[in-house]
Amino acid sequence: MANSFAPYQSSPPESTRALSPPLRSPTASPKIHAPKPQRNISSIADREDPWAAARAQQLPSPSQYVDEEYTDLESGGRPNDYIGSRPQPTAYTGNTSVFETSLGLSLRVEAVLAYLLLPPAGGVVLLIFEQKSDYVRFHAWQSALVFSAMFLVHIIFSWVRWLSWVLFVGDLVLIGWLAWGAWKHAETLDRVEVPFFGRLASSFVDDE
């Protein structure tokens, strides 16, 4: 019989098994987890909203604030400018002195005469006798300035016969155009200005 020289072992390795967990005692009670405390949502909302108490109060009646002096404009029959019927136009009651003349003639008639009454003589006459209407005085100033300059041009080129006739035709066209503009814009008082001389005439009238 052969002798075994292996070290001494109390039990062979094959006999070792995984140990099972210890059995729980039947009398041991399971652990009970305490429920988490619930937060009061309404109290949090009241604390976070400082106006909650103010909204809960009852608003006063509007009848306590009735203004005895208040008057309804629309109930009085006046038309509304934005809603409803269109307001009726009112008659012009402003200052009408801008259409008055010193000579008693119509505004447009005097303005036209500043160009038709032998310019520049007609403009000079109106500057002397017309003192109320700025519209007439503007055309009188413009007529006196423009046709005084044209008179000097006629004198300078009087030795050239054909050029004198060309300038004469240009005078007639200019008189007709300025007279028509003075007649047309008499109601709106718009000024028909000739370059340079028109601005100079306006400055004279505005400075008076």
Side-chain angles (χ1 to χ4, degrees), residues 69-208:
E69 298 181 357
Y70 171 76
T71 55
D72 190 359
L73 298 178
E74 295 186 3
S75 61
R78 296 184 59 183
N80 195 326
D81 293 340
Y82 303 99
I83 303 175
S85 60
R86 184 177 181 181
Q88 298 295 330
T90 56
Y92 175 74
T93 58
N95 187 11
T96 59
S97 61
V98 293
F99 296 99
E100 296 178 357
T101 59
S102 301
L103 300 178
L105 300 176
S106 173
L107 181 72
R108 63 178 61 196
V109 172
E110 289 192 15
V112 170
L113 287 178
Y115 301 106
L116 298 182
L117 192 62
L118 297 177
V124 174
V125 171
L126 289 175
L127 286 175
I128 296 174
F129 294 101
E130 179 57 53
Q131 301 297 328
K132 287 185 178 181
S133 176
D134 290 343
Y135 183 75
V136 175
R137 290 189 62 82
F138 162 75
H139 288 286
W141 272 112
Q142 183 167 250
S143 174
L145 294 173
V146 170
F147 292 102
S148 294
M150 293 297 297
F151 181 74
L152 293 178
V153 173
H154 277 282
I155 293 177
I156 295 173
F157 295 98
S158 60
W159 56 276
V160 182
R161 183 176 299 273
W162 66 270
L163 186 57
S164 297
W165 282 104
V166 172
L167 293 175
F168 178 73
V169 173
D171 290 342
L172 295 179
V173 173
L174 185 60
I175 290 173
W177 178 68
L178 291 175
W180 176 79
W183 178 275
K184 178 182 178 181
H185 299 288
E187 295 182 356
T188 59
L189 302 179
D190 292 335
R191 300 175 179 179
V192 179
E193 296 183 352
V194 177
F196 179 73
F197 295 105
R199 296 179 62 88
L200 188 60
S202 293
S203 65
F204 288 160
V205 174
D206 296 338
D207 291 341
E208 293 178 347

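- Annotation: the span from L127 atom CG to R137 atom CZ amounts to 5.0 Å, rounded to 0.5 Å.
- Interatomic distance, F129 CZ to L105 CG, rounded to the nearest 0.5 Å: 12.5 Å.
- When each of L107, L126, V205 is paired with S133, the side-chain contact (heavy atoms from CB on, under 4.5 Å) condition holds for L107 and for no other.
- Between V112 and W180, every side-chain heavy-atom pair lies at or beyond the 4.5 Å cut-off.
- With Y135 as reference, L189 is the one residue of T188, D190, T101, L189 to meet the side-chain contact (heavy atoms from CB on, under 4.5 Å) rule.
- Within the 3.5 Å criterion, the main-chain N or O of R199 finds no donor-acceptor partner in the side chain of S202.
- Here L172 contributes atom CG and L167 contributes atom CG; the two are 11.5 Å apart, rounded to the nearest 0.5 Å.
- Within the 3.5 Å criterion, the main-chain N or O of P119 finds no donor-acceptor partner in the side chain of S143.
- The structure places CD1 of I155 at 7.5 Å from OG of S158, a figure rounded to the nearest 0.5 Å.
- One distance of note links CG of L163 with NE2 of H154; it measures 9.0 Å at 0.5 Å rounding.
- What you find for A111 and V136 is that their closest heavy atoms are N-CG2, 4.2 Å.
- In this structure, Y115 and F147 have perpendicular ring planes: the angle between them is above 60°, well past the 30° mark.
- For the pair H139/L178, no side-chain contact is recorded, criterion being any heavy-atom separation below 4.5 Å from C-beta on.
- We find the CZ-CZ distance between R108 and F99 to be 10.0 Å, quoted to the nearest 0.5 Å.
- Looking at Q142, its side chain does come within 3.5 Å of a backbone N or O of V194 through a donor-acceptor pair.
- A pairwise comparison of heavy atoms in L145 and A201 identifies CD1-N, 4.1 Å as the closest pair.
- Counting heavy-atom neighbours within 6.0 Å of E208 CD, excluding the residue itself, gives a total above 12.
- The shortest non-hydrogen separation linking A179 to L116 is CB-CD2, 4.2 Å.
- Shortest non-hydrogen contact noted between E110 and L103 is OE2-CB, 3.2 Å.
- Scanning both residues, V109 and W183, for their nearest heavy atoms gives CG2-CZ3, 4.3 Å.
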